[in-house]
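For reference, the structure discussed in these notes is given below.
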Amino acid sequence: MSQPSWREYRPGAAFPGVIGRTTEESQPAWPQPLRATPGAPNVMFIVLDDTGYGQLGCYGSPIATPNLDALAEGGLLYNNMHTTALCSPSRSCIITGRNHHANGMAGVTEMSTGFPGYNGQIPFENGFVSEMLLQHGYNTYMVGKWHLMPSEQESAAGPYDRWPLGVVFKCHAHINSDARVTAAW
C-alpha cells in the first residue's frame, strides 16, 4: 500500500480532496494549521529579578555573561525599560505592554487590596503578548516564576484561568528552589 499524500487547504476553502465510495477511491485533505511565516524571528523575553543593566556583559558590564551576550548578539537590545521595582508589576507590564495599574498589579500579588489597580488580577481584555504570537502561528512557552495571580488562586483547586496555561501559553515549566523542574502541557 502506498503512503498517502498529505494535502492541506485553507480553512473555509472548498475541500480539495476526493470523497469516493471506498477509501481506495478517496483522497484526504486537512485544513492548514496556523503557522508562523517562513523566516519569522524567534521571540524571547528574559526577565531577571533584582538585576540591572550593569550586571550584563552585553550592556558593558565587566561581569562575564557569555551566554546572554551570545543571545543578545543575534537579537534586539532594549535599554529604555520602565521598571516598577517589583516583580509582579514589572512582569505584568512586559507580558501585556500596559501600565501595571491598568493590569491590577500595583504591587506584588500577595499585597493585593481589592481596589482598582491593586487587585492582583490582570484583566483578560488587556491581552498578552503570547496571545498575539499564537494568532500568528507561533508556539509559546513560559519558563520560571509566574507570580501574576492572586495567592488564593494558587491551589490545586484552582481556578486555573489565570495560570500560565490558562492565559495562552502552550507549556509552562517552573524551576523549584531545589532545582527540580515541573512542567505542564
Once rounded to the nearest 0.5 Å, what's the spacing between atom [atom1] of [X] and atom [atom2] of [Y]?
{"X": "His100", "Y": "Ser90", "atom1": "NE2", "atom2": "OG", "answer": "8.0 Å"}
{"X": "Leu56", "Y": "Leu71", "atom1": "CG", "atom2": "CG", "answer": "11.5 Å"}
{"X": "Gln121", "Y": "Met105", "atom1": "CD", "atom2": "CE", "answer": "8.0 Å"}

Provide the closest heavy-atom pair for [X] versus [Y] in the form atom of the first, atom of the second, distance.
{"X": "Leu86", "Y": "Gly107", "result": "CD1-CA, 4.1 Å"}
{"X": "Pro41", "Y": "Tyr138", "result": "O-OH, 2.8 Å"}
{"X": "Val108", "Y": "Pro89", "result": "N-CD, 4.2 Å"}
{"X": "Leu77", "Y": "Ala72", "result": "CD2-CB, 3.4 Å"}
{"X": "Gln55", "Y": "Ile63", "result": "CA-CD1, 4.0 Å"}

Heavy atoms, side chains only, cut-off 4.5 Å: are [X] and [Y] in contact?
{"X": "Leu68", "Y": "Ile46", "value": "yes"}
{"X": "Phe45", "Y": "Ser130", "value": "no"}
{"X": "Ile95", "Y": "Trp146", "value": "yes"}
{"X": "Cys58", "Y": "Thr65", "value": "no"}
{"X": "Pro16", "Y": "Gln27", "value": "no"}
{"X": "Asp161", "Y": "Phe124", "value": "yes"}
{"X": "Ile122", "Y": "Ser92", "value": "yes"}
{"X": "Tyr160", "Y": "Gln153", "value": "no"}

Checklist entry - Given the rule in the salt bridge (Lys or Arg N to Asp or Glu O under 4.0 Å) test, do Glu8 and Arg35 qualify, once you have shown the distances and angles that lead to the verdict? => result CA-CA 13 Å; Glu8 292 182 348; Arg35 296 183 182 102; 2.7 Å; yes

Checklist entry - Crowded around Met111 CE? As in, over 12 foreign heavy atoms under 6.0 Å? => result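 Result for CE/Met111: open.
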
Item to check | Atom CD of Glu73: over 12 foreign heavy atoms under 6.0 Å | outcome: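 Counting other residues, nucleotides and ligands, CD of Glu73 stays at 12 neighbours or fewer.
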
Item to check | Donor + acceptor pair across side chains of Ser88, His147 (<3.5 Å) | outcome: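 A donor-acceptor contact under 3.5 Å links the two side chains.
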
Checklist entry - Would you say the side-chain atoms of Asn126 and Thr96 include a donor-acceptor pair closer than 3.5 Å? => result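 Asn126 vs Thr96: no donor-acceptor pair found between side chains.
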
Next on the checklist: Taking the six-membered ring for Trp, are Trp6 and Trp30 closer than 6.0 Å centroid to centroid?
Outcome noted: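 So the answer is yes for these two rings.
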
Next on the checklist: Let's go through Arg91 and Val47 carefully: what are the C-alpha distance in whole Å and the side-chain angles of both, what is the deciding distance for side chain to side chain contact (heavy atoms under 4.5 Å, CB included) to 0.1 Å, and is it a yes or a no?
Outcome noted: CA-CA 8 Å; Arg91 276 182 173 72; Val47 181; 4.3 Å; yes

Quick check against the 3.5 Å criterion: does [X] have a side-chain atom that pairs as donor or acceptor with the backbone of [Y]?
{"X": "Ser155", "Y": "Ala157", "answer": "yes"}
{"X": "Thr109", "Y": "Pro150", "answer": "no"}
{"X": "Ser26", "Y": "Gly20", "answer": "yes"}

Checklist entry - Among the clusters formed by ILVMFWY side chains lying less than 4.5 Å apart, do Phe128 and Trp163 turn up in the same one? => result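 Yes: a chain of side-chain contacts under 4.5 Å links Phe128 to Trp163.
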
Checklist entry - Would a hydrophobic clustering, with Ile, Leu, Val, Met, Phe, Trp and Tyr connected at side-chain separations under 4.5 Å, put Leu34 with Val43? => result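 Different hydrophobic clusters.
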
Checklist entry - Can you say whether the rings of Phe15 and Tyr9 are parallel (under 30°), tilted (30 to 60°) or perpendicular (over 60°)? => result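 Geometry flag for Tyr9 against Phe15: perpendicular rings.
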
Checklist entry - Taking 4.0 angstrom as the limit, do Glu154 and Arg162 come out as a salt bridge? => result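 A salt bridge is absent here (no side-chain N lies under 4.0 Å from a carboxylate O).
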
